[in-house]
Protein chains: 2
Amino acid sequence: MLHPLSTSQALRLWHDVGLAQVKDEEADLSVRQMTILLSIYLEPPPHTVRGLAAKLNVSKPVITRALDAMGKLGLVTRRRDDKDLRNVLIQRTVKGALYLERLGDTVSSVSKAI
Amino acid sequence: MLHPLSTSQALRLWHDVGLAQVKDEEADLSVRQMTILLSIYLEPPPHTVRGLAAKLNVSKPVITRALDAMGKLGLVTRRRDDKDLRNVLIQRTVKGALYLERLGDTVSSVSKAI
DNA sequence: CCTGATTGTTACGGCTCCGTTCCAGTTATC
DNA sequence: GATAACTGGAACGGAGCCGTAACAATCAGG
């Protein structure tokens, strides 16, 4: 159970985390990409392009291109579905898990200073 | 005083807020732009290009371009400093305040569902 | 004054992401 | 089998942001 944040606490948190990311030059992902990555890692598989596009209310090419970019960074992998060769199953990677764990740690750490 | 977030709570929070932003097709500011905007509104004036660049550890043109973009959206205004005409003072706007208040409400609201 | 430092801005080439449209491959239905 | 429906991806032109290198305007110190 999370203690609810006030509006001003939320803004302070957003500012401090953003500042940490910008200064550390680690924020390579856009908000869209980050949300896609978090969906893949926080929600139960399987994840498909179609499903992610519907969930985020964006077009399929947006998902495809985001997967291209994050795949190039090693944060995500694609594999065809053996059951239905039209589908592409998006899979997690160790690097992606570490990336998000580091993000979570940053947020958690910043929250302790507010 | 803010109750510290765990790593997994932080990731869930980030995901849900990102999802709300992407779905609502809100004005899409980059992480850099958002951090600049938050700095202007959360920290005491005066704000200058030079000062923001130093604080965020980015080059001055990054600040100038971000101010151009956000100024076009009405989130921020610039005015020359009468004391030193080299300086440009960045000022808040009603629209910018409302924009951030809405962001804070989104984060706060999402936090109550975790 | 005049030279040098400081401020913010512009210009350039390059890269990424976007929205739309169209396409190849696979499956379902008859 | 033939046709329609579905999947993910490619192609196109357009827009935004980036880093670097310049620039005009302004101030400070001799």
Side-chain angles (χ1 to χ4, degrees), chain A residues 18-19 21-40 45-91 99, chain B residues 18-19 21-40 45-91 99:
Chain A
L19 189 59
Q21 289 187 326
V22 170
K23 283 175 69 174
D24 289 7
E25 192 68 38
E26 81 175 88
D28 241 343
L29 298 186
S30 69
V31 176
R32 278 185 170 187
Q33 291 173 333
M34 182 64 81
T35 304
I36 293 171
L37 189 65
L38 283 165
S39 291
I40 295 168
H47 296 287
T48 65
V49 173
R50 175 80 174 169
L52 288 172
K55 182 189 168 189
L56 300 196
N57 196 30
V58 296
S59 65
K60 287 186 295 179
V62 167
I63 305 295
T64 295
R65 288 186 294 244
L67 293 178
D68 289 342
M70 294 190 293
K72 203 173 298 182
L73 296 174
L75 304 177
V76 133
T77 307
R78 273 181 280 199
R79 201 190 63 190
R80 285 225 100 87
D81 184 1
D82 292 332
K83 306 293 183 182
D84 187 339
L85 292 177
R86 290 173 299 182
N87 289 338
V88 163
L89 302 180
I90 295 110
Q91 299 183 303
Y99 179 88
Chain B
L19 190 58
Q21 288 188 325
V22 171
K23 284 175 67 176
D24 287 8
E25 190 68 37
E26 279 191 32
D28 44 347
L29 297 185
S30 70
V31 177
R32 279 184 170 187
Q33 292 172 333
M34 182 64 81
T35 303
I36 293 171
L37 188 66
L38 282 165
S39 291
I40 295 168
H47 297 287
T48 64
V49 173
R50 175 78 175 171
L52 289 171
K55 183 190 168 189
L56 302 197
N57 197 30
V58 296
S59 65
K60 287 187 294 178
V62 166
I63 305 295
T64 295
R65 289 185 294 242
L67 293 178
D68 289 343
M70 294 189 294
K72 203 172 299 181
L73 295 174
L75 304 177
V76 133
T77 308
R78 275 181 278 200
R79 201 189 65 189
R80 285 226 100 88
D81 184 1
D82 292 333
K83 307 292 184 184
D84 186 340
L85 292 178
R86 291 174 299 180
N87 289 338
V88 163
L89 303 180
I90 296 111
Q91 300 182 302
Y99 179 88

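By convention in this document, chain letters (A, B, ...) are assigned in the order of the sequence lines, proteins followed by strands, and residues within each chain are numbered from 1. Every heavy atom of this structure was used, including side-chain atoms; hydrogens, water molecules and symmetry mates were not.
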Give every donor-acceptor pair under 3.5 Å between a side-chain atom in residues 61-68 of chain A and any protein atom, sequence neighbours left out.
| from | atom 1 | to | atom 2 | distance (Å) |
| --- | --- | --- | --- | --- |
| A:Thr64 | OG1 | A:Lys60 | O | 3.4 |
| A:Asp68 | OD1 | A:Arg78 | NH2 | 2.2 |

(message) Taking side chain to side chain contact (heavy atoms under 4.5 Å, CB included) as the definition, give me every residue that meets it alongside A:Leu85, ordered by chain and number, with sequence neighbours left out.
(response) none
(message) Distance check needed: C:dT27 C1' versus A:Asn87 CG, whole Å only.
(response) 10 Å
Between the protein and nucleotides 22-30 of chain D, which nitrogen or oxygen pairs are less than 3.5 angstrom apart?
| from | atom 1 | to | atom 2 | distance (Å) |
| --- | --- | --- | --- | --- |
| D:dC27 | OP1 | B:Leu85 | N | 3.0 |

(request) Answer yes or no: is there a side-chain heavy-atom contact under 4.5 Å between A:Tyr99 and A:Leu37? (result) yes
(message) Measure CD1/B:Ile90 against C1'/C:dT9 and give the value in whole Å, please.
(response) 13 Å
(request) Find the distance B:Leu52:CG to C:dG8:P and express it as a whole number of Å. (result) 9 Å
(request) Could you grab the distance from atom OG1 of B:Thr35 to atom CD of A:Gln21, nearest 0.5 Å is fine? (result) 7.5 Å
(message) Between A:Leu89 and A:Thr48, is there a side-chain heavy-atom distance shorter than 4.5 Å?
(response) yes
(request) In whole angstrom, give the distance that lies between atom NE2 of A:His47 and atom P of D:dT7. (result) 17 Å
Dump every N/O contact between nucleotides 14-24 of chain C and the protein below 3.5 Å, one line per pair.
| from | atom 1 | to | atom 2 | distance (Å) |
| --- | --- | --- | --- | --- |
| C:dC17 | OP1 | A:Gln33 | NE2 | 2.7 |
| C:dC18 | OP1 | A:Arg32 | NH1 | 3.0 |
| C:dG19 | OP1 | A:Arg32 | NH2 | 3.3 |
| C:dG19 | OP2 | A:Arg32 | NH1 | 3.2 |
| C:dG19 | N7 | A:Arg65 | NH1 | 3.4 |
| C:dG19 | N7 | A:Arg65 | NH2 | 3.0 |
| C:dG19 | O6 | A:Arg65 | NH1 | 2.9 |

(message) With a 3.5 Å distance limit and no angle check, can you tell me whether A:His47 reaches the backbone of A:Ile90 through a side-chain donor-acceptor pair?
(response) no
(message) Let me confirm one number: the CG-CG distance from B:Asp24 to B:Leu19, rounded to the nearest 0.5 Å.
(response) 9.0 Å
(request) Rounded to the nearest angstrom, tell me the gap between atom CE in B:Met34 and atom C1' in D:dG16. (result) 17 Å
(request) Round to a whole Å and report the spacing from CG of A:Leu29 to C1' of D:dC17. (result) 16 Å
Report, one line per pair, each donor and acceptor closer than 3.5 Å where one atom sits in a side chain of residues 49-58 of chain A; sequence neighbours left out.
| from | atom 1 | to | atom 2 | distance (Å) |
| --- | --- | --- | --- | --- |
| A:Lys55 | NZ | A:Ser39 | OG | 2.9 |
| A:Lys55 | NZ | A:Glu43 | OE1 | 3.1 |
| A:Lys55 | NZ | A:Glu43 | OE2 | 3.4 |
| A:Lys55 | NZ | B:His15 | NE2 | 3.0 |

(message) At less than 4.0 Å, is any side-chain N or O atom of B:Thr64 found next to OP1 or OP2 of C:dG8? Yes or no.
(response) no
(message) How many whole angstroms separate atom CE of B:Met70 from atom P of D:dG16?
(response) 15 Å
(message) Output the rounded distance in Å from CZ (A:Arg50) to P (D:dG9).
(response) 14 Å
(request) Tell me, please, which residues at least two apart from A:Asp84 pass salt bridge (Lys or Arg N to Asp or Glu O under 4.0 Å). (result) A:Arg86
